[in-house]
> 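Take this structure first; my questions come after.
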Protein chains: 2
Amino acid sequence: MTDPQDVLCAHFDRYLALDEAERTALKERSRVRRLKRRGFLLQEGEVCRSYAYVVEGCLRMYEMDAKGVEHNLQFALENEWIVDIGSFHAEKPSSLFIEALEPSVVVCIEHADLLQLYTEHPKFDRNFRVIIEDQFVELQQRMLRRNASSAEQRYAHFVEQHPELAARVPNVHIASYLGVTPEFLSRLRAKTARPS
Amino acid sequence: MTDPQDVLCAHFDRYLALDEAERTALKERSRVRRLKRRGFLLQEGEVCRSYAYVVEGCLRMYEMDAKGVEHNLQFALENEWIVDIGSFHAEKPSSLFIEALEPSVVVCIEHADLLQLYTEHPKFDRNFRVIIEDQFVELQQRMLRRNASSAEQRYAHFVEQHPELAARVPNVHIASYLGVTPEFLSRLRAKTARPS
DNA sequence: CTGAATCCTTGATCTGGATCAAGGTCATTT
DNA sequence: AAATGACCTTGATCCAGATCAAGGATTCAG
């Protein structure tokens, strides 16, 4: 049960549980990858070839702007998915990077394999639909917060909702995710820690 | 072919085309609603009961904050979907409003009906998965722009990508969607219109 | 053990965009 | 034909957060 692919199967069982055939197909059509800290799963200009499920570790997906500044779009901890869906489906070059923040283990499904899974076992259509819907809802709420709340409120909310990330990920990356500079986040932290 | 439900069927044909049985099921399980300008499809506190496809008109989805300020999350023109997916699937009260900005015609699918469609015709799982994926990718890009670009750049991009909306929707709403005040958007417009 | 990344912090200053206030133009209602 | 309200604009002022600059604390490679 510590086998990465079994972990992935168990993950799907939290949605519409898989039967034996689906489980086998999933294992055949996925593969385990290990990344060292700072290793890239995707770099700007490449096509995003795999839909990745994190079994262990922590990754981030970000874009680099014209000035070389990075903007974090998403983190993925254990049991979360990470992929540039646009690039993956269109098989077009991505503008994003996916980097491991810790030594990580992911289970990858490539484009052709996922299509096979979809057509041979429609349950995957269903499960991936639900997975994406959940991510979509979260992203919508994040967008609303970005427009409706101050940096201070956004940071407080982040720490409350993602204590795990707040503890494991450097503040520079959290700042970028929240849309503020690391300096300003540092000041916010100083303020809320000791409102003496 | 000017029948709203036929328009909806035609829309699905752009993904995995529907067969006769699916088409019939879809028509049975959806219903047409007409909204006058300023009419609400959803109000804060209600459960979002319908997945809505816009056949004619224009709607917006927004949240109202503690100070009574509105924050636009999404617009929907002809051939676009609008729904609070979180509320819809969990059948929990929404914090959002969906309002018609023009007299509009929408085709609505209610929760129980959509579940029926999903289980009786797995193709709907597929099609709705793809529809959501596309919306998700757009929202991700919007999130990145929100963090990486200035208000001026975001507005320019909006006008370029959504000339239709820029023409049909009052600037107050565009400002809110972009995350700036109407006053500031007005100044941006004045600047770019005549850099004399 | 040592130099060099990373990461965090703090200060001084600057600015994009908010806020407050007022006036102007239409369109819709009565 | 007023009158209300929706929408846009412009000015004056203010502030949240950026930028620039420097220093300290860990961690890590050689």
> Check the distance between C:dT10's C1' and A:Leu185's CG and give it to me in whole angstrom.
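So the two atoms are 14 Å apart, to the nearest Å.
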> Got a list of side-chain donor-acceptor pairs under 3.5 Å for residues 108-117 of chain A, not counting sequence neighbours?
from: A:Glu110; atom 1: OE2; to: A:Arg31; atom 2: NH1; distance (Å): 3.1
from: A:His111; atom 1: ND1; to: A:Phe88; atom 2: O; distance (Å): 3.1
from: A:Asp113; atom 1: OD1; to: A:Arg29; atom 2: NH1; distance (Å): 2.8

> Could you tell me whether the phosphate oxygens of C:dG16, OP1 or OP2, come under 4.0 Å of any side-chain nitrogen or oxygen in B:Ser150?
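No, no such contact exists.
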> Which word best sums up how the rings of A:Phe128 and A:Phe124 line up, parallel for under 30°, tilted for 30 to 60°, or perpendicular for over 60°?
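Answer is tilted, since the angle falls between 30° and 60°.
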> Between B:Leu101 (CG) and D:dC7 (C1'), how many Å, whole number?
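The distance from CG of B:Leu101 to C1' of D:dC7 comes to 13 Å, rounded to the nearest Å.
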> Using the 3.5 Å cut-off, write out each protein N or O paired with an N or O of nucleotides 24-30 of chain C and the distance between them.
none

> In residues 162-179 of chain A, which ones come under 4.0 Å of DNA chain C, going by heavy atoms?
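Of all residues in residues 162-179 of chain A, the ones placing a heavy atom under 4.0 Å from DNA chain C are A:Pro170, A:Asn171, A:Val172.
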> Does A:Lys27 come within less than 4.0 Å of A:Asp6, counting only side-chain N to carboxylate O?
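Salt bridge: yes.
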> Quick one, B:Gln5 and B:Leu26 - any side-chain contact, counting heavy atoms below 4.5 Å?
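A side-chain contact is absent here, since even the closest heavy-atom pair is not under 4.5 Å.
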> Using side-chain hydrogen bond (donor to acceptor under 3.5 Å, both in side chains) as the criterion, list what pairs up with B:His162, not counting sequence neighbours.
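With neighbours one apart ignored, the set is empty.
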> Which heavy-atom pair separates A:Ile131 from A:His11 by the least distance, and what is that distance?
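A:Ile131 and A:His11 have their closest heavy atoms at CD1-CE1, 3.9 Å.
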> Run the side-chain hydrogen bond (donor to acceptor under 3.5 Å, both in side chains) test against A:Ser104 and tell me which residues pass, sequence neighbours left out.
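side-chain hydrogen bond (donor to acceptor under 3.5 Å, both in side chains) list for A:Ser104, sorted by chain: empty.
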> Show me the side-chain donor-acceptor pairs of residues 44-59 of chain B shorter than 3.5 Å, one per line, residues at least two apart or across chains.
from: B:Glu46; atom 1: OE1; to: B:Gln43; atom 2: N; distance (Å): 3.3
from: B:Tyr53; atom 1: OH; to: B:Asn79; atom 2: OD1; distance (Å): 2.7

> Pair B:Glu20, B:Arg23 - check side-chain contact (heavy atoms from CB on, under 4.5 Å), show working.
CA-CA 5 Å; B:Glu20 211 39 58; B:Arg23 206 172 290 267; 3.8 Å; yes
> Could you check whether any side-chain heavy atom of B:Arg37 comes within less than 4.5 Å of a side-chain heavy atom of B:Pro103, counting everything from C-beta outward?
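SC-SC contact between B:Arg37 and B:Pro103 confirmed.
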> Look at the side-chain N and O atoms of A:Arg189 and state whether any lies under 4.0 Å from the OP1 or OP2 oxygen of C:dT9.
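Yes, such a contact exists.
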> So, do A:Phe97 and A:Tyr62 have ring centers that fall under 6.0 Å from each other?
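A:Phe97 vs A:Tyr62: aromatic centres under 6.0 Å.
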> Counting only heavy atoms and a strict 4.0 angstrom limit, can you tell me which residues of residues 60-71 of chain B come near DNA chain C?
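Close to the strand, none.
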> Answer whether the closest heavy-atom distance between the side chains of A:His89 and A:Ile85 falls below 4.5 Å.
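When only atoms from C-beta onward are counted, A:Ile85 and A:His89 do touch, with a gap below 4.5 Å.
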> Could you check if a side-chain atom of A:Ile82 sits within less than 4.5 angstrom of a side-chain atom of A:Val106, using non-hydrogen atoms only?
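Side-chain contact under 4.5 Å: no.
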> Could you go through residues 171-183 of chain B and list every donor-acceptor pair under 3.5 Å that involves a side-chain atom there, pairing it with any protein atom two or more places apart or in another chain?
from: B:Ser176; atom 1: OG; to: B:Glu70; atom 2: O; distance (Å): 3.3
from: B:Ser176; atom 1: OG; to: B:Asn72; atom 2: N; distance (Å): 2.7
from: B:Thr181; atom 1: OG1; to: B:Phe184; atom 2: N; distance (Å): 3.2

> Rounded to whole Å, please give me the gap between CZ in A:Arg154 and C1' in D:dA16.
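Computing the A:Arg154:CZ to D:dA16:C1' distance gives 10 Å.
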> Apply side-chain contact (heavy atoms from CB on, under 4.5 Å) to B:Gln141 and list each qualifying residue two or more places apart in sequence or on a separate chain.
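Checked B:Gln141 against side-chain contact (heavy atoms from CB on, under 4.5 Å); matches are B:Val137, B:Arg145.
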> Apply salt bridge (Lys or Arg N to Asp or Glu O under 4.0 Å) to the pair A:Glu133 and A:Arg129, showing each step before the final yes or no.
CA-CA 6 Å; A:Glu133 282 172 352; A:Arg129 175 178 57 72; 3.0 Å; yes
> Detail all sub-3.5 Å separations between protein N/O atoms and N/O atoms belonging to nucleotides 28-30 of chain D.
none

> Tell me whether the OP1 or OP2 atom of C:dA18 has a side-chain N or O from B:Thr181 closer than 4.0 Å.
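B:Thr181 to C:dA18 OP1/OP2: side-chain N or O found under 4.0 Å.
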> Do the side chain of A:Glu63 and the main chain of A:Leu73 share a donor and acceptor less than 3.5 angstrom apart?
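No, because the side chain of A:Glu63 does not come within donor-acceptor range (under 3.5 Å) of the backbone of A:Leu73.
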> In this structure, how many angstroms lie between the C1' atom of D:dC8 and the CZ atom of B:Phe184, rounded?
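It is 16 Å, rounded to the nearest whole Å.
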> Note the angle between the end axes of the helix from C:dC8-D:dG23 to C:dT30-D:dA1, five pairs defining each, rounded to 10 degrees.
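Comparing the first five pairs with the last five, the axes sit 40° apart.
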> Could you list, one pair per line, each protein nitrogen or oxygen that sits under 3.5 Å from a nitrogen or oxygen of nucleotides 11-13 of chain D, together with the distance?
from: D:dG11; atom 1: N7; to: B:Arg187; atom 2: NH1; distance (Å): 2.9
from: D:dG11; atom 1: O6; to: B:Arg187; atom 2: NH2; distance (Å): 3.0
from: D:dA12; atom 1: N6; to: B:Arg187; atom 2: NH2; distance (Å): 3.3

> Atom NZ of B:Lys191 and atom P of D:dC8: how far apart are they, to the nearest Å?
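Rounded to whole Å, this separation is 19 Å.
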> Under 6.0 Å from the ring centre and within 45 degrees of the ring axis: does the NZ or CZ of B:Arg168 meet both conditions for the six-membered ring of B:Phe75?
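No, B:Arg168 does not sit over the ring of B:Phe75.
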> Whole-Å distance between D:dA16 C1' and A:Asn147 CG?
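After rounding, the reported distance stands at 15 Å.
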> Walk me through whether B:Gln74 and A:Gln140 qualify under side-chain contact (heavy atoms from CB on, under 4.5 Å).
CA-CA 9 Å; B:Gln74 193 197 326; A:Gln140 277 191 331; 4.1 Å; yes
